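In what follows, every heavy atom counts, from backbone to side chain, and hydrogens, waters and symmetry copies are set aside. Owing to the predicted nature of the structure, the values given are computational and were not obtained by experimental measurement.
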Amino acid sequence: MEIDQISTNGPSATEEPISGIIYPPQNVRTMIDKAATHLATKPPELAKHILENDKEGKFSFLKEGDPYHAYYLFKFNEAKEGRAQPAEVTPGPTAQVVMDTPVDLAPKKPEDFLFSATMPAMSAQDL
């Protein structure tokens with residue numbers, strides 16, 4: 001996590017980095033963007049309610065001590081002022097690689113049978 005540096009996890013090419021904001025990874029960023037746009041139109045009690053019921057820590061960015069809280073506040077204020085852009089989900093390079101490579105669903109060929117012994121010409125009782 002870098003502070004104020006444009007990288008794959010940083011702001012998009014159209015927006016400038018803001019000082020004091022740690023940009024979260026893409027999957028966390030889309031969740032924060034969606035939450036900020038929804039919570040900007042709802043009463044503040046909803047954010048408190050979400051924090052109280054957050055057992056898994058999924059919405060920890062709502063807490064003031066969280067490193068991504070500054071990014072959440074930035075997006076929340078953008079949404080309040082009407083400058084928020086809808087969160088776009090763009091497939092990353094790994095998604096393209098998966099789509100480009102053919103998927104072979106057939107199981108692989110088993111190894112050749114290595115050991116074979118002919119049974120003696122006597123019955124099981126004689127053994």
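If you take NZ on Lys80 and OG1 on Thr37, they are separated by 12.5 Å, rounding to the nearest 0.5 Å. Taking CD1 of Ile50 as the start and CD of Glu52 as the end, the distance is 10.5 Å to the nearest 0.5 Å.
In terms of the side chain to side chain donor-acceptor pair (under 3.5 Å) criterion, Asn27 has no residue partners (sequence neighbours excluded). Applying the side chain to side chain donor-acceptor pair (under 3.5 Å) criterion to Asp66, with sequence neighbours excluded, gives Ser60. With sequence neighbours left out, the side chain to side chain donor-acceptor pair (under 3.5 Å) criterion links His38 to no other residue. Residues forming a side-chain contact (heavy atoms from CB on, under 4.5 Å) with Leu73 (at least two apart in sequence, or on another chain): His69. Lys48 is linked by a side-chain contact (heavy atoms from CB on, under 4.5 Å) to nothing, counting only residues two or more places apart in sequence or in another chain. Under the ring pair (Phe, Tyr, Trp, His ring centres under 6.0 Å) criterion, Phe76 pairs with Tyr72, not counting sequence neighbours.
The closest side-chain heavy-atom distance from Leu51 to Lys63 is below 4.5 Å. With a 4.5 Å cut-off on side-chain heavy atoms, Phe61 and Tyr71 do not count as touching. When side chains are defined from C-beta on, Leu62 counts as touching Leu39, because their heavy atoms get closer than 4.5 Å. Within the 4.5 Å cutoff, the side chain of Lys75 has no heavy atoms near those of the Arg29 side chain.
Considering every non-hydrogen atom in both Ala79 and Ala40, the closest pair reads CB-CB, 3.6 Å. What you find for Tyr68 and Ile32 is that their closest heavy atoms are CB-CD1, 3.9 Å.
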